[in-house]
Amino acid sequence: GIVASLTQQSMLTIWHSNMEVEQSYIMIKPDGVQRGLVGEIISRFEKKGFLLKGLKLFQCSKDLAQEHYKDLKDKPFFPTLIEYITSGPVVCMAWEGDGVVASARKLIGATNPLQAEPGTIRGDLAVQTGRNVVHGSDSPDNGKREIALWFKEGELCQWESVQTPWLVE
Ligand code: ADP
C-alpha cells in the first residue's frame, strides 16, 4: 500500500544520494544568451531526460574563464577565447545522469559548427568555432572539476524528478 511505496521511495532516495552519479558542466556562452537561445538549448537537455541539478545566469571574471580553459592557455586563440567568454553573461548548468558527459558532447556536436551534424546544437544554431554557443565537459573528471569551479556550495539542488521511473527501468 501507500506506506510500502513511500518506504520504497525513501530507500531509493537514500540509495541515490549515496551513489556517485555522473555530472556534466554545460554552459551557454555569451553568444547563446545574446541570440536568445537559452530556452532552446536548455530544452534539448531537458527533453533528452537528464536531470538539472544547478542553473544560473552569471557574469564570469577573467580569472575564472582562464582557470576553466587552463588546458588551452598556450593556444593562439586563448586571449580572444577569454574575451569572448567574459563578454556577457553565461548560463551555467549542472546536468546529471548515467553517461551524461559523452551524451551531452553528442547533443552539442563538433567544436566547429560547420562540421557539426545537423540535429546537434552547434550543427543547428551556429556557424563559427569562435562563436559556438555552448560548452560541455569532455570527461566525468572535468565535469566534477568544472561544476566545483562554477558553482558554490549550496547552489546545486538535491531532488528527484517524477519522470525518472519513466526514463530508466
Ligand atoms: P570543445 O568546446 O568542443 O570541447 P575545445 O576544448 O577544443 O572544444 O576548445 C574550447 C573552446 O575554445 C571551443 O569551444 C571554442 O569556443 C574555442 N576554440 C577552440 N578552437 C578554436 C579556434 N581554432 N579558434 C577560435 N576558438 C577556438
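Just so we're clear, the structure is a prediction, and the values are computed from it rather than from any experiment. As the structure lists them, so they are numbered: ligands from 1, and atoms in each ligand from 1.
- Only the side chain of R122 comes within contact range of ligand 1, with a heavy atom under 4.0 Å; no backbone atom does.
- For the atom pair E160 CD and L51 CG, the distance stands at 7.5 Å (nearest 0.5 Å).
- Classification of K144 and E20 as a salt-bridged pair holds, one side-chain N sitting under 4.0 Å from a carboxylate O.
- We find the CD1-CD1 distance between I28 and I41 to be 4.5 Å, quoted to the nearest 0.5 Å.
- In T129, the parts holding a heavy atom less than 4.0 Å from any atom of ligand 1 are both the side chain and the backbone.
- Nearest to atom 23 (N) of ligand 1 among the protein's heavy atoms is F77 CD2, 3.7 Å.
- Counting only heavy atoms from C-beta outward, the side chains of Q23 and W95 never approach each other to under 4.5 Å.
- Where the criterion is an N or O separation shorter than 3.5 Å, residue side chain and backbone included, T111 meets it with respect to ligand 1.
- You'll find the side chain of F58 reaches within 4.5 Å of the side chain of L64, heavy atoms only.
- Summarising the contacts of atom 9 (O) of ligand 1 with L72, I85, T80, N132, the nearest heavy atom is found in L72.
- Scanning for salt bridge (charged side-chain N to carboxylate O under 4.0 Å, His left out) contacts around R44 gives E40, D124, with sequence neighbours left out.
- At least one donor-acceptor pair closer than 3.5 Å links the side chain of R145 to the backbone N or O of H68.
- By the criterion of a heavy-atom distance under 4.0 Å, neither the backbone nor the side chain of D138 is placed next to ligand 1.
- If you look at L81 next to ligand 1, the close heavy atoms, those under 4.0 Å, all belong to the side chain.
- Atom numbering of ligand 1 starts at 1 in the shown order; those under 4.0 Å from a heavy atom of Y69 are 10 (C).
- Comparing M27, R105, K29 by heavy-atom distance to atom 4 (O) of ligand 1, the nearest is R105.
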